[in-house]
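Below is one structure; the comments refer to it alone.
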Amino acid sequence: MEDFVFYNPTKIIFGKGKISELGNEVKQTSQKVLLVYGRGSIKKNGVYDQVVSSLRTAGIEFVELPGVKPNPVLSKVYEGIKLAKKEKADGIIAVGGGSTIDTVKTIAAGFYYDGDIWDAFTGNYEVKRSLPIYVVLTLSATGSEMNKGAVITNEGTRQKYAFVAPTSYPRVSIIDPSVQFSLPRIQTANGSADAISHVMELYFDGTSDVLIEDEISEGIIRTIIRSTDILMKEPDNYNAHANLAWSATLALNGITSTGRSGGDWSCHAIEHSISALYDIAHGSGLAIVTPAWMKYVHKEDIGKFARFAEKIFGVEESDEERAALEGIERLKNWFKSVRLPASLSDVGISSTEIDKIVDNAAMRTPFGTLKRLEREDIREILKLCV
Ligand code: NZQ
Ligand code: ZN
């Protein structure tokens with residue numbers, strides 16, 4: 001196990017009806033906030049009304065920025081920074097999934113930066129100050145509600161990059177699993193694939209003797225799989241949503257990365273290139289890339305891949321190679337069982353596009369820790385995705 005510092009200041013308020021507590025929490029730091037949300041789901045499922053009612057009761061003024069799209073873009077961030085400055089906002093609220101939260105984290109940082117906030121994504125600006133951030137989560141997937149990262153696409157350059165900053169942790173995130181009853185099944189499945197991938201990126205980073213983290217990681221993945229299976233049949237099962245929601249938060253809030261070397265993150269790097277170019281859902285992209293990456297690299301840590309097969313899918317097989325391959329096949333089949341795509345062609349991307357994806361991903365090579373990937377490795381992995 002590696003040395004580590006564990007720090008996570010986000011207060012989580014979890015449970016049915018808890019959105020009513022938003023106003024009182026925001027009041028601790030802010031009087032006038034920017035209220036940011038997506039393309040309308042919160043107006044249909046009653047979340048918007050709950051948010052507005054809580055803010056009004058607490059006497060918080062708010063200005064709205066609707067219209068954040070999945071795979072959020074830099075132009076929306078600029079719009080938000082401008083509006084927040086014009087209105088002299090002293091806080092910011094995200095109501096939505098990862099796309100809305102990440103937009104908010106970037107606006108919150110850009111509010112205090114005179115340059116172009118894209119600099120934070122390219123490593124040319126270190127974010128040290130942000131507006132106070134509050135979150136009402138409506139889709140469990142990214143873990144952004146309890147971490148310091150944000151992912152944004154620069155539409156001009158088709159770069160989908162992340163920045164992290166200690167001031168990007170939300171002060172408070174409210175997770176009411178019942179607001180996720182309105183999710184289409186495919187969004188639930190996308191979220192599950194993303195959360196599983198977060199655990200796996202850390203689990204397979206090559207660090208040895210991290211037993212406690214491995215056990216926690218395996219428990220999170222098994223819980224996500226079980227809860228998702230229930231939700232495919234019963235989309236309004238509260239406890240399944242609750243178990244899935246908390247698992248997805250724990251998947252990327254720092255708990256599973258303690259003692260490790262920082263994660264591999266190759267599947268995310270490759271997937272971000274795919275969703276930057278073709279605007280597909282991040283979770284769907286991961287369902288395609290992850291089994292391919294596993295096939296390509298499993299010999300680097302065959303024992304760990306065999307352990308994964310046993311602990312996650314109950315594979316009983318003494319030959320490690322056969323066990324590892326069986327585990328990869330079971331994961332792929334599970335993704336299919338929840339209607340996630342299994343290949344690039346399933347999402348309408350032809351094999352002739354591989355060069356373009358390789359070029360995009362290669363802007364940041366090499367990456368990966370279990371196996372350091374160069375341009376040609378990425379091409380081989382993508383060939384396994386067709
Ligand atoms: O536009 P709205 O109305 O909000 O609808 C959304 C959107 O269409 C809908 N939705 C959300 N909650 C709903 C709902 N529909 C019905 N009922 C509800 N309760 O779901 C769709 C997808 O929303 P989005 O926010 O895009 O999904 P997600 O949470 O999966 O976020 C994905 C983005 O986060 C990034 C991804 O790359 C992608 O851009 N990531 C962020 C990370 C982070 N900050 O830590 C890490 C991840 O690895 C990931 O890269
Ligand atoms: Zn992800």
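Whatever order the structure lists them in is the order used to number ligands and atoms, beginning at 1.
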Open item on the list: Only heavy atoms of Ser182, strictly under 4.0 Å: list the atoms of ligand 1 that pass.
Closed with: 16 (C), 17 (N), 18 (C), 19 (N)
- [ ] With 2.8 Å as the limit, jot down which protein N, O or S atoms are around the Zn ion (ligand 2).
- [x] Asp194 OD1, His198 NE2, His268 NE2, His282 NE2
Task: Arg185, CZ: over 12 other non-hydrogen atoms inside 6.0 angstrom - done: yes
- [ ] Under 4.0 Å from a heavy atom of Thr138: give me the atoms of ligand 1 that qualify, with their elements.
- [x] 11 (C), 12 (N), 13 (C), 18 (C), 19 (N)
Task: Closest to atom 49 (C) of ligand 1 among His282, Glu201, Gln187 (heavy-atom distance) - done: His282
TODO: Could you name the option among Ser41, Ala276, Gly40 that has the heavy atom nearest to atom 4 (O) of ligand 1?
DONE: Ser41
Open item on the list: In this structure, does ligand 1 have an atom that sits under 4.0 Å from one of the heavy atoms of Gly143?
Closed with: no
Open item on the list: Rounded at 0.5 Å granularity, tell me how far OG1 in Thr10 sits from CG in Asn253.
Closed with: 8.5 Å
TODO: Compute the minimum heavy-atom distance from His272 to ligand 1 and say whether it is under 4.0 Å.
DONE: yes
Open item on the list: If we count only N and O atoms by modelled type, under 3.5 Å, do the side chains of Asp194 and His198 hold a donor and an acceptor together?
Closed with: yes
Open item on the list: By the definition side-chain contact (heavy atoms from CB on, under 4.5 Å), identify the one residue from Ile117, Val68, Asn154 that meets it with Val77.
Closed with: Ile117
- [ ] Could you pull out, from Leu139, Leu183, Asp279, the option with a heavy atom nearest to atom 14 (C) of ligand 1?
- [x] Leu183
- [ ] Using distance alone, with no hydrogens and no angle criterion, decide if Lys160 and Ser275 have a side-chain donor and acceptor under 3.5 Å apart.
- [x] yes
- [ ] May I ask you to check if ligand 1 and His268 share an N or O to N or O distance below 3.5 Å?
- [x] yes
Task: Within the 6.0 Å centroid threshold, strictly below: Phe121 and Trp118 - done: yes
Open item on the list: Would Gly98 count as a polar contact of ligand 1, with the cut-off being nitrogen or oxygen pairs under 3.5 Å?
Closed with: yes
- [ ] Would you mind finding which of Lys160, Gln180, His198 brings a heavy atom closest to atom 39 (O) of ligand 1?
- [x] Lys160
- [ ] Mind checking side chain to side chain donor-acceptor pair (under 3.5 Å) for His298 and listing every partner two or more places apart, or none if nothing turns up?
- [x] Glu321
Task: Polar contact flag for Gly96 and ligand 1 (N/O pairs, less than 3.5 Å) - done: no
Task: Under-4.0 Å heavy-atom contact between protein and atom 9 (C) of ligand 1 - done: no
Task: Sub-4.0 Å atoms of ligand 1 with respect to non-hydrogen atoms of Asn147 - done: 45 (O)
Open item on the list: Need the ligand 1 atom indices (1-based, order shown) with element for anything under 4.0 Å from a heavy-atom of Asp102.
Closed with: 34 (O), 35 (C), 40 (N), 41 (C), 42 (C), 43 (C), 44 (N)
Open item on the list: According to salt bridge (Lys or Arg N to Asp or Glu O under 4.0 Å), who are the partners of Glu329, at least two apart in sequence or on a separate chain?
Closed with: none
Open item on the list: I'd like the name of whichever of Ile186, Thr142, Ile152, Thr103 reaches closest to atom 42 (C) of ligand 1 through any heavy atom.
Closed with: Thr142
- [ ] Distance to 0.1 Å, residue and atom name: give those for the protein heavy atom nearest to atom 1 (O) of ligand 1.
- [x] Arg39 N, 2.7 Å
Open item on the list: Counting only nitrogen or oxygen atoms and a 3.5 angstrom limit, does Gly149 reach ligand 1?
Closed with: yes
Open item on the list: Does either side chain, that of Glu145 or that of Thr249, offer a donor lying less than 3.5 Å from an acceptor on the other one?
Closed with: yes
Task: Distance-only side-chain donor-acceptor flag, Thr207 / Ser261, under 3.5 Å - done: yes
Task: Shortest heavy-atom approach to atom 26 (O) of ligand 1 - which of Ala94, Ser99, Pro66 - done: Ser99
Open item on the list: Going by the rule salt bridge (Lys or Arg N to Asp or Glu O under 4.0 Å), which residues pair with Arg375 if we only count those two or more places apart in sequence or in a different chain?
Closed with: Asp359
